[in-house]
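Atoms within each ligand, like the ligands themselves, are counted from 1 in listed order. From a predicted model like this one, the values you see are computed outputs, not experimental measurements. Note that these values count all heavy atoms, side chains included, but never hydrogens, waters or copies made by symmetry.
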Amino acid sequence: MEKIAVFPGSFDPVTLGHESIVLRSLDLFDKIIIAIGKNSGKHTYFSLETRLEFLRTTFASYPKVDVVSFEGLTVDFCRKVNARFILRGLRTSADFEFERGIAQMNKKMHPHIDTVFLLSTPDLTPVNSTIIRDIYRNGGDITQFVPKTIIPLIEKFMQ
Ligand code: ADP
């Protein structure tokens, strides 16, 4: 059976932290579906189309990686695409507490789906979309925090 993992998130925008989690999990799974959750209650800075474009550009040379968006519960989306794994990154103990609740509730709802956590690498622990958005909004340079391949897109976006 194919090992399919869904990596859900907002990716507003994709960062080196996200990229690292995906690249490090390439050997663990046959397919990784990066899935942007469309959450009507959550306002995002970058549009869905832009976030999809940033992600698709970042992983264009990795045939194992798909980039999509979805609505509804992550576990329901996993069932739809036959994924047995949810992939998440952990930076801090605060991430752990938050993620533990979600992963255990997901497990209750769908016992066959496991959440797999990868710890952030020490250099990428502070890299965070919220802070990157604040730097960007205030005219700062975010190029050292995002995947190299999307820098031209970000620069185009800034004009
Ligand atoms: P969400 O809106 O679900 O929090 P994010 O786009 O912020 O989504 O993050 C998606 C996933 O990537 C989460 O599991 C988050 O913990 C992980 N992540 C974000 N930044 C990093 C990082 N620097 N290192 C490792 N994992 C990260």
K.L.:
Look at R56 together with E53 and state whether they make a salt bridge at an N to O cut-off of under 4.0 Å.
P.N.:
no

K.L.:
Identify the closest protein heavy atom to atom 6 (O) of ligand 1: which residue and atom is it, and at what distance?
P.N.:
F11 N, 2.9 Å

K.L.:
Which residue supplies the protein heavy atom nearest to atom 4 (O) of ligand 1, what is that atom called, and how far is it?
P.N.:
R88 NH2, 3.8 Å

K.L.:
When the aromatic ring centroids of F54 and F11 are compared, is their separation below 6.0 Å?
P.N.:
no

K.L.:
Output yes when the distance from some N or O of ligand 1 to some N or O of F7 is under 3.5 Å, and no in every other case.
P.N.:
no

K.L.:
When you compare the side chains of T125 and S120, does any donor N or O come within less than 3.5 Å of an acceptor on the partner?
P.N.:
yes

K.L.:
Any nitrogen or oxygen of S129, main chain or side chain, under 3.5 Å from a nitrogen or oxygen of ligand 1?
P.N.:
no

K.L.:
Run the numbers for me: atoms of ligand 1, each under 4.0 Å from some heavy atom of P8, listed by number.
P.N.:
10 (C)

K.L.:
Give me the atom names and distance for the closest heavy-atom approach of T115 to A103.
P.N.:
OG1-CB, 3.7 Å

K.L.:
Among all protein heavy atoms, pick out the one at the shortest distance from atom 14 (O) of ligand 1; state its residue, atom name and that distance to 0.1 Å.
P.N.:
G89 N, 2.9 Å

K.L.:
I want to know if ligand 1 touches D12 in the polar sense, i.e. an N/O pair below 3.5 angstrom.
P.N.:
no

K.L.:
Does H18, backbone or side chain, put an N or O under 3.5 Å from an N or O of ligand 1?
P.N.:
yes

K.L.:
Looking at M105, I want to see if its CE is surrounded by more than 12 non-hydrogen atoms of other residues, nucleotides or ligands under 6.0 Å.
P.N.:
no

K.L.:
How far is atom 2 (O) of ligand 1 from the closest protein heavy atom, and which atom is that?
P.N.:
S10 OG, 2.4 Å

K.L.:
Enumerate the atoms of ligand 1 whose separation from the nearest heavy atom of I21 is less than 4.0 angstrom.
P.N.:
25 (C), 26 (N)

K.L.:
Indicate yes or no: does an N/O atom of G9 lie under 3.5 Å from an N/O atom of ligand 1?
P.N.:
no

K.L.:
Grouping I, L, V, M, F, W and Y whenever their side-chain heavy atoms are under 4.5 Å apart, do V22 and F117 come out in a common cluster?
P.N.:
no

K.L.:
Considering distance alone, does some N or O of R91 sit under 3.5 Å from an N or O of ligand 1?
P.N.:
yes

K.L.:
Below 4.0 angstrom, N of the basic side chain to O of the carboxylate: do D66 and K31 qualify?
P.N.:
yes

K.L.:
To the nearest 0.1 Å, how far is atom 25 (C) of ligand 1 from its closest protein heavy atom, and which atom is that?
P.N.:
S120 CB, 3.4 Å

K.L.:
Angle class for the Y136/F46 ring planes (parallel below 30°, perpendicular above 60°, tilted otherwise)?
P.N.:
tilted

K.L.:
Any idea how F70 and F77 line up, ring-wise: parallel (<30°), tilted (30 to 60°), or perpendicular (>60°)?
P.N.:
parallel

K.L.:
What about L124: any of its N or O atoms under 3.5 Å from an N or O on ligand 1?
P.N.:
yes

